There are 2 protein chains.
Amino acid sequence: MGRKKQSRVTLQEVAKHAGVSRATASLVVRGSPNISKETREKVLKSIKELGYIYDRVAANLRSHQSSTVGLIITEIGNPFFSELLVGVHEALDKEGYTVILGTTFDSPDKQDALLATMLEYRVGGVIMSPVPGSSPDMVERLKQWGIPVILVARKMLSEEPFDYVGIDNVAGGRIAAEHLIEQGHRRIAFLGGFSNSSVWTDRKKGFCEAIEQAGLEMDESLFVQSPATRQGGIEAIKRVMQHPQPPTGVFCYNDVVASGVMLGLKEQGIVPGKDVAVVGFDNIPESALFSPSLTTIAAFPDRLGAKAADLLHRRMKGDEEEAKKLILQPELVVRESS
Amino acid sequence: MGRKKQSRVTLQEVAKHAGVSRATASLVVRGSPNISKETREKVLKSIKELGYIYDRVAANLRSHQSSTVGLIITEIGNPFFSELLVGVHEALDKEGYTVILGTTFDSPDKQDALLATMLEYRVGGVIMSPVPGSSPDMVERLKQWGIPVILVARKMLSEEPFDYVGIDNVAGGRIAAEHLIEQGHRRIAFLGGFSNSSVWTDRKKGFCEAIEQAGLEMDESLFVQSPATRQGGIEAIKRVMQHPQPPTGVFCYNDVVASGVMLGLKEQGIVPGKDVAVVGFDNIPESALFSPSLTTIAAFPDRLGAKAADLLHRRMKGDEEEAKKLILQPELVVRESS
DNA sequence: CTGAAAGCGCTAACAT
DNA sequence: ATGTTAGCGCTTTCAG
């Protein structure tokens, strides 16, 4: 019935209750081995009786440590990122870290603000998917303060080498194009995303390599940039299908774009997977459900997240080795759309 | 280049550099109006020059305030929750709060552990979707410590009334059933989810009300519980279609289950939306993309999240009024599957 | 193995 | 409008 706010019990009080000093009580809460079994039990008992709650904030302040890590992603709406989040979260949880989450929605200002906030909160490390084209200044500043930063899924253009965990987007683009070529397609479009992102340029690079290697004509008008959203996909496919010589195969920047592309095709009475082949990227869980189910390039976001978390953990433990790059290989998943 | 870790500049040093006292410098960083323009500028200049970073952790410790809030959900995999997260996050960001995220994966132990961790981190408030059947003890404990808790999307069984933001699940169940009845269905199943959750019982309640009101037979074998996952949906529909008198309409616990149900139907050569009508719940963005597109009950998770955040903000500002219940009305979204 | 004292970086409550 | 003093709750020396 709305009991009044109690003030927190302090370690001091616990110590008094147990008849030991504050320092001893502190050792007990931290599970130090240099404490006799008796005292430990005495203190533990007092903790229970008084309802003591460890104040991690005060402890971190004093000990100059931090068990919080910041995670910065662009948007949670894209299942790719929500799975990444899951991967990071699970791995970090296991090590006893607490995660502070931030979303940039691809705004460089928001990204800087988030990093600043995380600095103020004394995070011990940061895992982030940088906003395309954003400046590495803030990130370098963090590193200067001794706060390790792991880039995940997206690279950053910088002199300084950063730790990075991602997939081989060039290979992914190549595999996608090769698959479409193998299916007999000669005019293949690349739709969605913007060229300011390293992900886009890498996927395009692999895509072009395969096109050229197959001796196909490279038609720049088959590259249509658009927001990496469903709506962006709808618009991109409509635009490219107005081409006098429309493509028979489409490689999409990601699965979300691909979902829009298939929607846009249907609206025009074109059957995806039959009239026009569609290949996505990421292999989000939903892609198996689309109609037709989507052929795509699996990017394993959860694994990416877990790897990034592991690497960060090592850095926070004091691993000072040179910047590492962890690149996972993507895999083709063939379904009905191609 | 690995420059060595610098130690943080303190307010003390800023004050000395600017030739003022620590207290004055403190007032400046907090934007107090009782500071002359000159001193403010002097201090601000020193801050820039020294690269000072405000230590929010120390400040919170001293001032007994907290600008972090905990957000506890079950799983980010379900788009319903990722949208909820977006809603909460945006609203809280605007007010300058920082969000600590936790996921329970529907484990009561994990939920208690998360709440304990959040207590240790001195969160100023918590927004959570409780694990079905979990005990309210921890939550009541938080409230005892003066930490407001807002329940969102799921209720908790407790003597104590809690603040709660959710949708009218009874109405949602009723609307869904009424729609199917209107379409001429006489045997309607309710698939997915478990009866230990308030959400399930509420949706079922509304569902049953409509069935009874229409004078239809209530067949308990048409209620199949299963995990609220795609796989759960597949299993549930397979089970119920083995019934000697299978249903012609299906109301699913949520859209994720519905996606599995439609998959399961297709596997058996049954065409969802034609042979069997399917209605989901939540209106996750993907539901428009399913094939056939899914008729569903919109639950507006982002609005739910935003409302919960607003309410929490008011509580943290000291609003001591009695527990509030905010119930949004769901809406029927008719698409091809029914 | 335990205790006493000092102090992390900041703000509150006075003074002036 | 600014300075002084005290202390948030904890950990870290350093003694013993």
Side-chain angles (χ1 to χ4, degrees), chain A residues 5-44 46-47 50-68 117 119-124 145-146, chain B residues 5-44 46-47 50-68 117 119-124 145-146:
Chain A
K5 187 195 287 211
Q6 316 177 196
S7 63
R8 285 166 91 110
V9 177
T10 72
L11 239 201
Q12 177 75 281
E13 300 171 60
V14 170
K16 199 160 120 200
H17 182 105
V20 300
S21 80
R22 211 162 45 177
T24 306
S26 174
L27 289 175
V28 172
V29 276
R30 283 180 289 159
S32 160
N34 307 336
I35 290 282
S36 73
K37 209 173 147 192
E38 293 165 25
T39 15
R40 185 198 315 287
E41 277 166 10
K42 251 193 322 194
V43 173
L44 256 26
S46 300
I47 287 179
L50 300 181
Y52 168 73
I53 294 167
Y54 183 64
D55 192 324
R56 209 169 284 276
V57 170
N60 285 346
L61 171 63
R62 179 61 236 247
S63 64
H64 294 287
Q65 295 196 330
S66 174
S67 46
T68 65
T117 304
L119 253 176
E120 292 189 356
Y121 273 102
R122 293 173 152 272
V123 293
W145 290 112
Chain B
K5 185 195 291 212
Q6 315 178 197
S7 63
R8 287 167 90 113
V9 178
T10 71
L11 237 202
Q12 178 76 281
E13 298 172 62
V14 170
K16 199 160 122 197
H17 183 105
V20 299
S21 80
R22 218 168 33 183
T24 307
S26 175
L27 289 174
V28 172
V29 279
R30 285 180 287 159
S32 158
N34 307 337
I35 291 283
S36 76
K37 208 173 149 192
E38 293 167 23
T39 27
R40 185 198 315 288
E41 276 166 10
K42 251 193 321 195
V43 173
L44 255 25
S46 299
I47 286 179
L50 299 180
Y52 167 74
I53 294 167
Y54 183 63
D55 191 324
R56 208 168 286 276
V57 170
N60 285 346
L61 173 62
R62 180 60 239 247
S63 65
H64 294 287
Q65 296 195 331
S66 174
S67 46
T68 64
T117 304
L119 253 176
E120 291 189 357
Y121 274 102
R122 293 175 152 272
V123 294
W145 291 113

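Please read these numbers as outputs of a predicted model, since none were measured by experiment.
- At a threshold of 4.0 angstrom between heavy atoms, the contacts of A/Arg122 are confined to the sugar-phosphate backbone, with no base atom among them.
- In this model, the phosphate group of C/dA4 is not approached by any side-chain N or O of A/Ser21 to a distance below 4.0 Å at OP1 or OP2.
- Taking atom NZ of residue B/Lys42 and atom P of nucleotide D/dA1, one finds them 15 Å apart after rounding to whole Å.
- Remark on DNA chain D: of its neighbouring residues B/Ala58 and B/Lys37, the 5'-side contact belongs to B/Lys37, judged by nearest-heavy-atom nucleotide.
- Remark: B/Ser36 is in phosphate contact with D/dT2, judged by side-chain N or O atoms under 4.0 Å from OP1 or OP2.
- Between B/Gln12 and A/Asn34, the residue anchored closer to the 5' end of DNA chain C is A/Asn34, taking for each the nucleotide with the nearest heavy atom.
- Residue B/Tyr54 places at least one side-chain N or O closer than 4.0 Å to OP1 or OP2 of C/dT11.
- Across C/dC10, D/dC10, D/dT2, the shortest atom-to-atom separation from the side chain of A/Thr10 is found for D/dC10.
- Following rounding to the nearest Å, B/Arg30 (CZ) and C/dA13 (P) show an atom-to-atom distance of 11 Å.
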*Stepwise side chain to side chain contact (heavy atoms under 4.5 Å, CB included) test for A/Glu41 and A/Lys37*: CA-CA 6 Å; A/Glu41 277 166 10; A/Lys37 209 173 147 192; 3.6 Å; yes

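- The structure places CZ of A/Arg40 at 12.0 Å from OG1 of A/Thr24, a figure rounded to the nearest 0.5 Å.
- Nucleotide C/dT11 holds its C1' atom 10 Å from the CD atom of B/Gln65, rounded to whole Å.
- Counting any heavy atom pair closer than 4.0 Å across all strands shown, B/Ala59 reaches sugar-phosphate atoms only and no base atom.
- Note that the NZ atom of B/Lys42 and the NE2 atom of B/His17 stand 11.0 Å from one another [nearest 0.5 Å].
- Taking only side-chain nitrogens and oxygens, B/Thr24 never comes nearer than 4.0 Å to OP1 or OP2 of D/dA1.
- Nucleotide C/dC10 holds its C1' atom 10 Å from the CG atom of B/Asn60, rounded to whole Å.
- Regarding contacts with the backbone of C/dT2, a side-chain N or O of A/Thr39 is found under 4.0 angstrom from either OP1 or OP2.
- Taking 3.5 Å as the limit, the base of D/dG7 and the side chain of B/Arg62 contain a donor-acceptor pair of atoms between them.
- Here A/Leu61 lies in heavy-atom contact (under 4.0 Å) with a base.
- For the side-chain contact (heavy atoms from CB on, under 4.5 Å) test with B/Arg122, the passing option among B/Leu61, B/Asn60, B/Val57 is B/Leu61; the others fail.
- Within the nucleic acid shown, A/Val57 has no heavy atom closer than 4.0 Å to any nucleic acid atom.
- Rounded to an integer number of Å, the gap from CD1 of B/Ile35 to P of D/dG3 is 9 Å.
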*Yes or no on side chain to side chain contact (heavy atoms under 4.5 Å, CB included) for A/Trp145 and A/Leu119, after CA distance, side-chain angles and deciding distance?*
CA-CA 9 Å; A/Trp145 290 112; A/Leu119 253 176; 3.9 Å; yes

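- If you measure from atom CG of B/Leu11 to atom P of C/dC8, you get 13 Å, rounded to the nearest angstrom.
- Rounded to a whole Å, the CD atom of B/Glu120 is 13 Å from the C1' atom of D/dC10.
- Nearest to the side-chain atoms of A/His64 among the listed nucleotides D/dC8, C/dT2, C/dG9 stands C/dG9.
- Between the CD atom of B/Glu13 and the CZ atom of B/Arg8 there is a distance of 12.0 Å, given to the nearest 0.5 Å.
- Taking atom CG of residue B/Asp55 and atom P of nucleotide D/dG9, one finds them 17 Å apart after rounding to whole Å.
- Nearer the 5' end of DNA chain D, as judged by each residue's closest nucleotide, is the contact made by B/Gly19, out of B/Gly19 and B/Ser63.
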